[in-house]
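As structure tokens, the structure follows; a few thoughts come after it.
The chains referred to below are lettered A, B, ... by the order of the sequence lines, with proteins before strands, and numbering in each begins at 1. Heavy-atom basis, side chains included; hydrogens, waters and symmetry copies ignored.
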Protein chains: 2
Amino acid sequence: MARPRQALLTRERIVEAASMLIDAEGLEACSMRRLATELGVQGPSLYNHFATKAEIVDAVAESVVAQVDISVFRANDWREGLRLWAKSYHAVLAAHPNIVPVLATGPGRRPAGLAMAEAVYGALLEAGWSRARATHIGALMRYLITGSALGSFALGFEADPELYDRYPHLHRAHELAAHRAAVDEGAFELGLDLLINSLSDRYDQGVRR
Amino acid sequence: MARPRQALLTRERIVEAASMLIDAEGLEACSMRRLATELGVQGPSLYNHFATKAEIVDAVAESVVAQVDISVFRANDWREGLRLWAKSYHAVLAAHPNIVPVLATGPGRRPAGLAMAEAVYGALLEAGWSRARATHIGALMRYLITGSALGSFALGFEADPELYDRYPHLHRAHELAAHRAAVDEGAFELGLDLLINSLSDRYDQGVRR
DNA sequence: TGTAAAAACTTACGCCGCTAGTTTAAGCAC
DNA sequence: GTGCTTAAACTAGCGGCGTAAGTTTTTACA
């Protein structure tokens with residue numbers, strides 16, 4: 001086949017297919033040849049639309065981050081804004097866990113990532129936090145959110161009971177996987193509560209740097 | 001060359017070389033052929049000592065986690081134990097950042113990882129925290145520690161000033177990289193303080209689940 | 001001393017990202 | 001309408017990847 005009358009590929013179609021493939025089978029499954037097959041095309045054809053594979057993955061990351069609700073900072077106190085944003089971000093990453101390693105390295109040049117950083121940092125500055133502290137708080141939130149999204153704590157323990165014979169306190173660790181949601185969500189909620197409440201206390205005491 | 005009079009490889013030599021290669025050039029640089037070259041050997045020879053590449057990487061992860069000081073739980077209050085352990089873990093990961101993605105998925109079957117989980121969880125249980133809360137606290141600490149180790153927050157922003165023209169609050173984001181240590185360490189220290197202090201407050205108020 | 005296991009080797013398979021060059025259709029200038 | 005440029009698909013192929021299979025030689029032990 002040479003050039004078709006109607007183009008088979010668009011950047012949008014490619015990103016959508018890549019996103020679905022990554023969600024369904026993971027980052028490693030998303031090779032150029034495999035992605036092309038998914039789109040009914042030969043591998044190198046993708047290079048007519050993206051210069052490298054990294055650009056495709058980056059576009060997927062961008063489309064995921066764009067789903068995070070950053071409007072919450074406009075209508076809320078910084079504490080509530082931070083909490084609602086974190087929950088939205090957390091929920092988006094929970095729906096697309098396989099792309100998290102890409103996001104964990106920072107916003108890079110992605111507009112949605114930069115817009116999110118702008119919204120968070122701006123809200124903290126406008127609340128009165130110092131530049132340095134606002135940066136720390138932003139970093140801290142990213143640590144919690146991507147750290148929790150990167151790998152389930154519960155699933156980090158294998159289901160084989162014999163594995164824990166030598167570790168008296170871990171004798172029920174093989175049951176963790178069955179309570180995955182409660183464990184992982186509970187830990188995230190606890191962390192969010194602890195961080196925001198204690199930041200709030202400091203703020204109310206006038207400690208803002 | 002057939003079998004040499006003195007074995008060229010041992011599991012220890014392989015793990016050591018892999019660890020150095022990963023530290024120096026990253027996980028992707030550590031291919032079987034490259035690692036073998038580093039050891040003065042052909043690629044497939046490594047399979048006489050490890051069944052898969054994943055086993056080698058896992059052994060590197062194990063050797064890194066084994067460097068974390070978990071003795072601190074014996075001589076300290078749970079708060080101070082938690083703080084000292086977290087700092088030790090953080091320092092170890094800062095020295096070996098390229099292996100962090102492997103650790104972030106949990107202890108798996110690695111003895112050092114399981115011993116660490118046992119120490120943390122045991123200390124929390126013996127302090128009086130409920131099983132569920134102790135699990136949450138352990139998960140939360142991992143989120144913070146691996147989240148912060150996974151990618152520098154400061155380096156997540158590119159040094160190109162023009163990138164931030166559209167984002168009024170980010171106009172100095174290109175300077176972040178120059179303050180990498182202050183930003184990243186400040187955020188981690190803040191997070192650790194906030195979490196442990198607020199957990200300590202709850203504990204002192206008798207809220208242990 | 002004969003045999004089995006160990007530890008190196010070479011060769012090769014099917015993936016991978018990506019480059020180069022080819023073919024044909026589309027879009028535009030005259 | 002005709003010719004030129006560009007776009008979007010193709011095929012072929014390079015060097016690298018993890019790993020399997022089979023070979024060679026040495027060592028260790030019965």
Side-chain angles (χ1 to χ4, degrees), chain A residues 1-62 98-99 101-102 105 108-110, chain B residues 1-62 98-99 101-102 105 108-110:
Chain A
M1 188 195 324
R3 178 176 183 176
R5 293 158 192 286
Q6 176 66 31
L8 301 176
L9 300 177
T10 63
R11 288 175 66 98
E12 289 69 28
R13 280 199 68 214
I14 294 170
V15 172
E16 192 185 356
S19 190
M20 287 175 53
L21 185 51
I22 289 170
D23 282 347
E25 305 188 31
L27 261 182
E28 313 75 37
C30 185
S31 73
M32 295 301 267
R33 286 169 176 86
R34 173 67 196 280
L35 176 56
T37 300
E38 219 71 28
L39 287 158
V41 121
Q42 296 298 316
S45 299
L46 296 168
Y47 289 95
N48 286 309
H49 302 267
F50 287 92
T52 63
K53 179 187 177 182
E55 275 189 19
I56 298 179
V57 173
D58 223 52
V60 172
E62 169 74 6
N98 295 333
I99 196 69
V102 179
T105 63
R109 312 187 79 86
R110 294 187 292 270
Chain B
M1 186 197 324
R3 177 175 183 179
R5 293 160 190 285
Q6 175 69 29
L8 301 176
L9 300 177
T10 63
R11 287 175 67 98
E12 288 70 27
R13 279 200 69 215
I14 293 171
V15 172
E16 192 185 357
S19 189
M20 288 176 53
L21 184 52
I22 289 171
D23 282 347
E25 305 187 33
L27 260 183
E28 315 75 38
C30 186
S31 72
M32 295 300 267
R33 287 169 176 85
R34 175 67 197 281
L35 176 56
T37 300
E38 219 72 29
L39 287 159
V41 121
Q42 297 297 317
S45 298
L46 296 167
Y47 289 93
N48 286 309
H49 302 268
F50 287 92
T52 64
K53 180 187 176 182
E55 274 189 18
I56 297 179
V57 173
D58 221 53
V60 172
E62 168 76 4
N98 295 332
I99 197 69
V102 179
T105 63
R109 312 187 79 88
R110 293 187 293 271

Could you tell me the separation between the CZ atom of R11(B) and the NE2 atom of H49(B), rounded to the nearest 0.5 Å?
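One gets 9.5 Å once the value is rounded to the nearest 0.5 Å.
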So, the side chain of [X] versus the backbone of [Y]: is there a donor-acceptor pair under 3.5 Å, distance only?
{"X": "T37(A)", "Y": "R33(A)", "answer": "yes"}
{"X": "N98(B)", "Y": "I22(B)", "answer": "yes"}
{"X": "R110(A)", "Y": "A61(A)", "answer": "no"}
{"X": "R13(B)", "Y": "L8(B)", "answer": "yes"}

Send over the distance from E55(B) CD to dT19(D) C1', rounded to a whole Å.
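Taking CD of E55(B) and C1' of dT19(D), I get 13 Å after rounding.
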Whole angstrom value for the distance that separates C1' of dA7(C) from CZ of R11(B)
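Distance, rounded to whole Å: 15 Å.
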Along nucleotides 8-18 of chain D, 5' to 3', which nucleotides get a B, which get an S, and which get a -, given that the test is a protein heavy-atom distance under 4.0 Å?
BBBBBB---BB
